[in-house]
Protein chains: 2
Amino acid sequence: MLNRVNLLVMAVAQVRDVAALAGVSPATVSNALNHPAKVSPATLARIQAAIDELGYIRNDAARQLRAGTNDAIGMIVLDIANPFFTDVARGVEDVLIAESRPLILGNSAQEPSRETSYLDLFEQQRMSGVLITPVGDVMDRLRRLRDRGTSVVLVDRMSRAKEFSSVSIDDKMGGRIATEHLLEIGRRRIGFIGGPAGLAQVKTRLAAARAAAEKHGSGEIVFVETETMNAQAGRWGAEQLLELPRTQRPDAVFAANDLVALGVLQALTLAGVRVPDDIAIIGYDDIEFAASAAIPLSSVRQPAQQLGSAAATLLLDVIADPAGSTVKHTTLKPELVIRRSTAGA
Amino acid sequence: MLNRVNLLVMAVAQVRDVAALAGVSPATVSNALNHPAKVSPATLARIQAAIDELGYIRNDAARQLRAGTNDAIGMIVLDIANPFFTDVARGVEDVLIAESRPLILGNSAQEPSRETSYLDLFEQQRMSGVLITPVGDVMDRLRRLRDRGTSVVLVDRMSRAKEFSSVSIDDKMGGRIATEHLLEIGRRRIGFIGGPAGLAQVKTRLAAARAAAEKHGSGEIVFVETETMNAQAGRWGAEQLLELPRTQRPDAVFAANDLVALGVLQALTLAGVRVPDDIAIIGYDDIEFAASAAIPLSSVRQPAQQLGSAAATLLLDVIADPAGSTVKHTTLKPELVIRRSTAGA
DNA sequence: AAGGCGAATTAGAACGATTCAATCGCCGCC
DNA sequence: GGCGGCGATTGAATCGTTCTAATTCGCCTT
């Protein structure tokens, strides 16, 4: 008999209902669920039958309250509309599903306010771990999270202060190889399109591009800062370049990601600029769509899924041993992928 | 003074610590947080100061346990790697953020087992609402969820039994206009690529295509069933078509979504088939990348973000009045977008 | 037959916030 | 001066599960 019955709505079954039906105490039901070895096979079977009959579903809020922690992992991605990040998320998911840990996915959309509200949520929920690609200045928040027992791993961003473990892809190398490639095919004025400038990825790739140009001697970087990094921003960025006087117009574009690159490609084509003859374009990420673009896009391939699974694995390690003395940084290597948009000289 | 202090780790502040610091009772702190009107401005200020000083963050598990419900909304999408679904998710997010309701995003990746495990999670968490585009046969699960007080709205899928409110896009119309367009430009044998066949969207679009072909008289549909709906499946599907004897080879492909269409386009191009001359291609969804494909892709545009916001709005209505007598179905209209992949005759 | 042991089970106290009913203080009014 | 009334505050109970410590029971040993 359920302990509380309403004339219209049957109350949702709880441990005590299951216990009553199986003729045991609530503690035994809890043991059956959480430490089956402690319960005799016969009782186990009776309890299972009772659970099935009543359709019992444990209340996670109560469980978490008692446990003091939530076994879910929170993840905050920069832009859910960018296939690069969905690939990373899939890498994460694969690892977590195997450990049967729920993944809560949040999209900051490059807006600090949204990032903060997800951090609030994760903090209130006492998540056991958080994966984040930060937009705003959240180091204080992350420190607080860690102090409260939530493990933190940075994704695609090295922690400057080396406080947090991180998994990233070598942006310096990526920026360098993309730029060197453009220089090698004879380009000299390179428009770098991306933003905001404060974003770590943008900052590093741009700095590496400038360094490569300087080292080469006759190369030059023109920075066009955008507010976000989608195709629309790319179209806008391309228009800025086209407004420059002929003599200052770049002969190549290095886009901070492929979405921007695709936007640039569209705008240039629309304006009658020949790609790659007049302006070569290289993107970043090598998302699936780069290869099937109108003019197949050269890009700097990032092992996105691998990044995700490495991050998830690392996070699980940190959770298992939060006091683990060492902060680990894993850095994966990007790879140049040459296609038509930078073909020939 | 914190009520429990460890030599090494300062305990996380709780209501009673805040209360003690502010010189009030825990009940007043709770009121300050949840019903500020009930608390005098002076006390409110003191409590706020105490909260800031201690860095108090409320424990959501305790709150939810007491409240009996979680104010978060769960959403299960078919495929996070498909821009169509991320667009839908963004529409949902926009609405929910405005209501400051957390969105928990799960990716079923078209796998019933993953779908089920997210449903388990949402059920255990006593979510107040769930948005789902079902893969497997989950009607029983959804019914149970509803009986337990979680509101359910189906996305991009009409509930056959009309039990649940839903928001969808008219797949019948979409299948028809795509097929009619191919017939109008003179194509007769149309390969329909997508799957699995059980998926509602696939079923409906295919049926509509067949109906349109039949009505026309000389049209014919060849169905190539795939396991999923990504570019790889599209490449595989295209290869199946190419293996057919010349006489049976279609002169057009209707792909169940744009990812598949892009895969088909790649494989056909690689095999030296001219698009659209030899084989025309039309996709479905009109994702952003369709327009910038090697051969810009004709498609059936679906108002994805609008679908998402409509679904979220409807769900909030249902949550506000779960007993609301009427089950509502909103159907949005798709739109034909013609580009080069089906241009000319 | 008494004692001891281990496996299985259980009573009851947490976990931390919220809420209801009850109390407190204070003001104004007769 | 006493009392009604009202806003502000609070004590204690509650949400459902898990864990610790204690109990029960059957069986083996000596």
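The chains referred to below are lettered A, B, ... by the order of the sequence lines, with proteins before strands, and numbering in each begins at 1. What you are looking at is a predicted structure, and each value in this text was computed from that prediction instead of being measured.
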Requested in this report: Treating a pair as Watson-Crick (purine N1 to pyrimidine N3 plus N6-O4 or O6-N4) or G-U wobble (N1-O2 and O6-N3) with both distances under 3.5 Å, list the stems of 3 or more consecutive pairs that involve DNA chain C.
Outcome: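 Only these stems qualify: C:1-30 with D:1-30.
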Query raised in the report: Are any of the side-chain nitrogens in A:D147 or A:R144 under 4.0 Å away from the carboxylate oxygens of its partner?
Result: no
Query raised in the report: Under 4.0 Å between a Lys/Arg side-chain N and an Asp/Glu carboxylate O for A:E115 and A:R141?
Result: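 No, A:E115 and A:R141 are not salt-bridged.
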Query raised in the report: Starting at the 5' end of DNA chain D, which residue's closest nucleotide do you reach first, B:P41 or A:S30?
Result: B:P41
Query raised in the report: Given that B:V24 and B:L65 both sit by DNA chain D, which one's nearest nucleotide is further toward the 5' end?
Result: B:V24
In whole angstrom, what separates [X]'s [atom1] from [N]'s [atom2]?
X	N	atom1	atom2	value
A:K38	C:dA8	NZ	P	11 Å
B:I51	C:dA17	CD1	P	11 Å
B:L44	D:dG7	CG	P	17 Å
B:D60	C:dC15	CG	P	19 Å
A:I57	D:dG16	CD1	P	15 Å
A:L33	D:dC19	CG	P	11 Å
B:N70	C:dA17	CG	P	16 Å
B:H35	C:dA17	NE2	P	15 Å

Nucleotide nearest [X] (side chain, heavy atoms from C-beta), chosen from [options]:
X	options	answer
B:N34	C:dT9, C:dT18, C:dG16	C:dT18
B:N59	C:dA17, D:dT18, D:dC19	C:dA17
B:T43	D:dT9, C:dT18, D:dT17	D:dT9
A:N31	D:dC19, D:dG11, C:dT10	C:dT10

Reckon [X] touches a base, only the sugar-phosphate, or nothing at all at heavy-atom distances under 4.0 Å?
X	answer
B:T28	base
B:S40	sugar-phosphate
B:V39	sugar-phosphate

Query raised in the report: Can a donor-acceptor pair be found between the side chains of A:T43 and A:S40 at a distance below 3.5 Å?
Result: yes
Query raised in the report: Just checking, any donor-acceptor pair under 3.5 angstrom between side chains of B:D120 and B:Q124?
Result: no
Query - Distance-minimising heavy-atom pair for B:D87 and B:Q305 - result: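 Scanning both residues, the minimum pair turns out to be O-CG, 3.3 Å.
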**Report entry** Contact summary for B:V95 and B:S309, nearest pair of heavy atoms
**Finding:**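 Heavy atoms of B:V95 and B:S309 come nearest at CG2-CB, 3.4 Å.
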Report task. Report yes if a side-chain nitrogen or oxygen of B:R58 is closer than 4.0 Å to either non-bridging phosphate oxygen (OP1 or OP2) of C:dA17; otherwise report no. Result -> no
Query raised in the report: C:dG16 phosphate, OP1 or OP2: any side-chain N/O from B:Y56 under 4.0 angstrom?
Result: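 No, no such contact exists.
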Report summary line: Exactly one candidate in B:I73, B:L315, B:L103, B:I97 meets side-chain contact (heavy atoms from CB on, under 4.5 Å) with B:V92; the answer is B:L103
Report task. From the options B:L21, B:V18, B:V24, select the one residue that forms a side-chain contact (heavy atoms from CB on, under 4.5 Å) with B:R46. Result -> B:V24
Report task. Kindly say whether, by distance alone, the side chain of A:R66 makes a donor-acceptor pair under 3.5 Å with the base of C:dA14? Result -> yes
